[in-house]
Amino acid sequence: MDSRTVFVLLWMLLSSTSTGIKLDGNGYVDVVIAISSRVPQDNRLIDKIKEMVTEGSFYLYDALDEKVYFREATILVPAQMLLRPILCEMQAKIRIDNANPAYGVEPYTNQYGECGAEGEYIHFTPEYLLNDTLIELYGSRGRVFVHEWAHMRWGVYDECNGEKPFYHSNGHIEATRCSKNIEGQFYEVTAGGSLQQCRIDPQTSLPTKGCIFFLDRNQITNSSIMFFPGLDAVSIDCTHIYT
Ligand SMILES: *[C@@H]1O[C@H](CO)[C@@H](O)[C@H](O)[C@H]1NC(C)=O
Ligand SMILES: *[C@@H]1O[C@H](CO)[C@@H](O)[C@H](O)[C@H]1NC(C)=O
């Protein structure tokens, strides 16, 4: 199967109809990446964004057992002189904007909701995308993109480790979650954004802090946009969909 990403380049004016990220079969579509009109124009940015998402797509596809990839991404380029752009920027789930003083060049995801709730947006600075020295610090951009994606799309917290994220049941390790019918796999997302097998704490025989439960594709497919927000109603009774 062809899991390459197709890019669409749009000027803000043309694109006010985006309805949000969807999963179409195995591929995420309507992934909108907006370059803020505050960012000084630099033609290298678009190529860097394409590289990051393309690499992230292969990575996500491999890491999640060929379950999902980024099929189509739209890059919104600021149309200087227009009054409309701000509106579109606000809708984009991935934003390229000047540094927020609290984070500097470090990529971050605004996620105000509970663990498991979809985040607001991922923020990358132009410096982060353009300065290759930072790859040594943060890991490859594709992997970092997937790491942030996990925060934004799946509401996975770095610090979302409740009192009891995992427990034993009939000799299996189970993630504390709202419905045990939710199928998935455990991975640990490293600081560099790569997924690896969870480690087991010898004292408790349970996964260590940082182990995350990822939902299976079928459930992602069936709930697509509603993915996590859809589970919100249930999550009131259970603190951890995953950790
Ligand atoms: C790139 O990042 C490194 C590490 O933070 C920094 O020392 C260097 O000055 C940056 N280069 C540019 C061109 O900004
Ligand atoms: C998704 O939901 C529909 C309708 O509820 C159901 O018929 C279908 O079998 C589900 N698909 C998967 C993959 O679970």
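Basis for what follows: all heavy atoms, side chains included, without hydrogens, waters or symmetry-related copies. As the structure lists them, so they are numbered: ligands from 1, and atoms in each ligand from 1. This chain uses plain numbering: 1 for the first residue, then up along the sequence. Predicted model only: the values in this text are computed from it and were never measured.
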Does ligand 1 have any N/O atom under 3.5 Å from a protein N/O, and what are those pairs and their distances?
residue  : atom   : partner : partner atom : Å
ligand 1 : 2 (O)  : Asn131  : ND2          : 2.3
ligand 1 : 11 (N) : Asn131  : ND2          : 2.9

Side-chain donor or acceptor of Lys93 paired with backbone N/O of Glu120 under 3.5 Å: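 Yes.
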
Arg95 side chain vs Ile35 backbone, donor-acceptor pair below 3.5 Å: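 Pair absent, no side-chain N/O of Arg95 close to backbone of Ile35.
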
Neighbour count above 12 (heavy atom, 6.0 Å) for Glu127 CD: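 More than 12 within 6.0 Å, yes.
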
Audit row: Tyr69, Asn26, side chain to side chain donor-acceptor pair (under 3.5 Å) steps and yes/no: CA-CA 6 Å; Tyr69 70 103; Asn26 281 22; over 6 Å; no

Ring centers of Phe145, Phe70 separated by less than 6.0 Å: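 That pair passes the under 6.0 Å test.
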
Heavy-atom side-chain proximity of Ile49 to Phe124 below 4.5 angstrom: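 A side-chain contact is absent here, since even the closest heavy-atom pair is not under 4.5 Å.
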
